[in-house]
K.L.:
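Structure below; questions to follow.
Below, chain A is the first sequence line, B the second, and so on; all start at residue 1.
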Amino acid sequence: MNIASVIVDVAVRQTDRPFDYSIPDMWREVIQPGMRVIVPFGPRHVQGFVLSVKEEPESRKLKPIVEPMDIVPVLNEELLMLADWLTKESLCFKISALQVMLPAAMKAKYSKHIRTTGEAPLSPQMQTFLNGREEAPWEEASEAGLLPDVRKGVKDGSLDVIYAVRSKGRKKTVRMVKCVLPEAKLQEVIQSMPKNAIKQKEALQTFCGKEGEWLPLHETGISSAVARAIIQKEYVTEKQEEVYRDPLAGRTFTPDQPLLLTDIQQKAINPILEKIHEAAAQPFLLHGVTGSGKTEIYLQSISEVLAKGKEAIVLVPEISLTPQMTDRFKKRFGSEVAVLHSGLSTGEKYDEWRKISRKEVKVVVGARSAVFAPFENIGLIIIDEEHETSYKQEENPRYHARDVAIRRAQFYSCPVILGSATPSLESYARAQKGVYTLLTLDQRVNDRPLPTVDIIDMREELREGNRSMFSRDLFEKIKDRIEKGEQAVLFLNKRGYSSFIMCRDCGFVPECPNCDVSMTYHRHRHQLKCHYCGHEDTAPDKCPECQSEHIRHFGTGTQKVEEELLKLLPEARIIRMDVDTTGTKGAHERLLKQFGNKEADILLGTQMIAKGLDFPDITLVGVLSADTMLHLPDFRASEKTFQLLTQVSGRAGRHQLPGEVVIQTYTPEHYSIQLAADQHYGAFYEQEMMTRKMGGYPPFYYLALITVSHEEAIVASAEAAKIVANIKPELSPAAVILGPVASPISRINNRYRWQCLIKYKREPKLGETLKHVLEHYAKQGKSNGLMVSVDIHPYVLM
DNA sequence: AATGGTCAGCTG
DNA sequence: AGCTGACCATTC
């Protein structure tokens, strides 16, 4: 008997294991590991993934697989093994690990219908409800309050319940037509057609000289009625052909040639090329200052990989997946590139994925999830801006793309390049230890000097009577650039991208009734929305506390800056980039293009504009308040500040004109600001490593965060304490457990949250122990309303 | 997650 | 007896 082990699409602990199904003889040759199948599960049908297929001599009582959903496996053996590893590492459900590797379009959709069987008479109520139909959606019957009648109907055999499983992914097809007549015969037929068949004659005329050619129907201009007629007369045949939705339709790329590498670049790329040729799994940390030509190294390494007939994956942070970036890959590798980013529709992502799966492309450029691209002969994985926190997924499975990349590279014996101007401390420490090979690009291409950086002490400005948000120095420089016709970029380093409202009289800030966070203000709909639970309210015009009408909108602050700037420099042309101006699709891109075309002198925005901005005439970068994120309750605050300031400074003077950077701050003495101004990564690393060592944080310790939530704060805190007590004896004395303490966001969706942080160096039993905790609460936690989640190597400690 | 089974408690 | 809602075991 042939048996398939299947993971079903039910993401709970209790079903988080394979279920065995018999394979019907007709599918015997078809069903393979890595395929999606529809299987009966309890009374319904669900999607499942085949993990393995085996043959057993004795037959046992198993339900049969209903049908396969794929013709070929969607996950190869390597990805199935990777899912295994991911499940263990992140303590997620197997089904989540499998699902995350596929485009969203391939997630199953379920629908439920009732249908008459015709084997027994319908009840009068059902007869009126169905009104002659054979089938009706379950919801419709439910809304009509007929569920008891449906039950009866199923019992007496007059009704069936149908569980349908559909894959959302629809291949887009076009109708193709071809004339089956030889050229001579075609003319004959046209002549012999009746006089009134004008359209049909016209239609057949289009096939003249196109003997044996398939034409897309929509391009021939033949209407579907006419097509039907000539197909029926068997002059023409038709077929459906799959087409890809093309996200880059209508854009052309002028191919470019590899640039000549500088000596420094050459020195950095050599070890990479060597490992590509050896086919050795070696991670590289490419530490290159901004403008040092990292991308060209990526491109030439990929060329080498393609020449060996292998494939390459390039990960970039979502925000820098701008056309500016992807165009460089398209130009060099043309149609061999697939691009995966959140701007694509579900269907477009599905199509790009299929191109990868069918090996029609050799290079993938994409955000985090592109690390799962279903290639089978990977020769190189690149992670650009490797320090970016967006590489860590914050929902299950909570994986870090860097870890997945290194894991896959091990399997394929290929190098990984982690590139950054400001590597994460974790990666740099690994490079210091020799786990990664460090490659350094310490010069900008063509020896363009790094911009000069001035730190302005805003306390000093205030003392001298300047109450504006621009220091005199920065203001003079902005004015100077406008006069010279050069461009400036101003950053407002705000902690969030969101805005809120506040009463100016009593200081009241609307908070979500379910969560302990302030509501986000959405200008276009004049609404307040909770970022955590989705609760919505209309924004008040009067303060609910003191009835004052002085309600102020605190945006990201960019609007206020713009107003003040226009007051001081009325002639300045400003482009503002924030949540309000980039809300619509493609707006981000359009604004950048305008700026690139020199339609404005000043680009003003939050950190969202820091990435990948590369225009020749930017000669001034101003950071209005460098320290806003320095004071966040996060042990990475200094690192993030340093990274951001360094990145931002790198936007200036990348081309012929030299650049200048002005950093305004209230804490000029802070090392992350000082050292960012000096562009001195090494010193920052040393200093920050000391603080991390003292605090017992990464990279000296690993972290695991346990969050417990319950409707009652007391229950949550007591249970968190219990968990700590249970875990402690399982760990070595070297492990440190902090807490339990209330989470920084102490309530979400009316549930109080308590957390404990485990710091450890080597705890082989930790994964197992935490899994037991999760299993324990899956069993009994449901009835008592407790929820427990675990994040291994967390980035967000809220 | 969703379903069907079991059982206490209520109606009439 | 017949029905409803709560709980809970089961899903190859």
K.L.:
When all nucleic acid strands are considered with a 4.0 Å heavy-atom cut-off, which category describes A:Arg13: base, sugar-phosphate, or nothing?
P.N.:
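Nothing: the residue A:Arg13, judged by heavy atoms under 4.0 Å, touches no strand.
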K.L.:
Would you mind telling me which of C:dC12, B:dA1, B:dG4 lies closest to the side-chain atoms of A:Val10?
P.N.:
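Of the options given, the side chain of A:Val10 lies nearest B:dA1.
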K.L.:
Could you tell me the separation between the CD1 atom of A:Ile7 and the P atom of B:dA1, rounded to a whole number of Å?
P.N.:
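To the nearest whole Å, that distance equals 17 Å.
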K.L.:
If you count the non-hydrogen atoms of other residues, nucleotides and ligands that lie under 6.0 Å from CZ in A:Phe635, is the total more than 12?
P.N.:
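Yes, enclosed.
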K.L.:
By nearest atom, which of the nucleotides C:dT10, B:dA2, C:dC12 is closest to the A:Phe19 side chain?
P.N.:
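Minimum distance to the A:Phe19 side chain belongs to C:dC12.
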K.L.:
Heavy-atom count check: over 12 atoms from other residues, nucleotides or ligands less than 6.0 Å from A:Arg115 CZ?
P.N.:
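No, because the 6.0 Å sphere around CZ of A:Arg115 holds 12 heavy atoms or fewer from other groups.
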K.L.:
Looking only at side-chain atoms of A:Gln14, point me to the closest of C:dC12, B:dT3, B:dA1.
P.N.:
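Out of C:dC12, B:dT3, B:dA1, the nucleotide with an atom closest to A:Gln14's side chain is B:dA1.
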K.L.:
Grab the CD-P distance between A:Glu139 and B:dA2 for me, whole Å please.
P.N.:
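Interatomic distance, CD of A:Glu139 to P of B:dA2: 11 Å.
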K.L.:
Would you mind classifying the nucleic acid contact of A:Pro18 as base, sugar-phosphate or nothing, using non-hydrogen atoms under 4.0 angstrom?
P.N.:
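No contact.
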K.L.:
At under 4.0 Å, does any side-chain N or O of A:Lys112 touch on OP1 or OP2 of B:dT3?
P.N.:
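The answer is yes; a side-chain N or O of A:Lys112 sits under 4.0 Å from OP1 or OP2.
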K.L.:
Remember a base hit wins even if backbone is also touched, and classify A:Tyr21 as base, sugar-phosphate or nothing at under 4.0 Å, heavy atoms.
P.N.:
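Sugar-phosphate only.
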K.L.:
Please report, rounded to the nearest Å, how far the C1' atom of C:dT11 is from the NE2 atom of A:His45.
P.N.:
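These atoms are roughly 13 Å apart.
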K.L.:
Within a 6.0 Å radius of atom CD on A:Glu55, are there more than 12 heavy atoms belonging to other residues, nucleotides or ligands?
P.N.:
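Buried by this count: over 12 neighbours within 6.0 Å.
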K.L.:
Need one value for A:Tyr110: base, sugar-phosphate or nothing, where a base atom within 4.0 Å counts as base even if backbone is also close, heavy atoms only.
P.N.:
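If one applies the 4.0 Å heavy-atom cut-off, A:Tyr110 turns out to touch nothing in the nucleic acid.
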K.L.:
Would you say A:Glu134 has more than 12 foreign heavy atoms packed within less than 6.0 Å of its CD?
P.N.:
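For A:Glu134, atom CD is not crowded (no more than 12 foreign heavy atoms under 6.0 Å).
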K.L.:
Can you check the A:Asp16 CG to C:dC12 P distance for me, whole Å?
P.N.:
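Taking atom P of C:dC12 as the reference, CG of A:Asp16 is at 16 Å.
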K.L.:
Expressed in angstrom and rounded to an integer, what is the separation of A:Asp20 atom CG from C:dT11 atom P?
P.N.:
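For the pair A:Asp20 CG and C:dT11 P, the rounded distance is 13 Å.
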K.L.:
Grab the CD-C1' distance between A:Gln47 and B:dA1 for me, whole Å please.
P.N.:
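After rounding, the gap between these two atoms is 15 Å.
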K.L.:
Return the value, rounded to whole Å, for the distance between atom CZ of A:Arg44 and atom C1' of B:dG4.
P.N.:
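One finds 12 Å between C1' of B:dG4 and CZ of A:Arg44, rounded.
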K.L.:
Mind calculating the distance between CD1 (A:Ile3) and P (C:dC12) to the nearest angstrom?
P.N.:
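Taking atom P of C:dC12 as the reference, CD1 of A:Ile3 is at 14 Å.
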K.L.:
According to the interplanar angle, ranging from 0 to 90°, do the rings of A:Phe372 and A:Tyr399 count as parallel (below 30°), tilted (30 to 60°) or perpendicular (above 60°)?
P.N.:
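It falls in the perpendicular class, over 60°.
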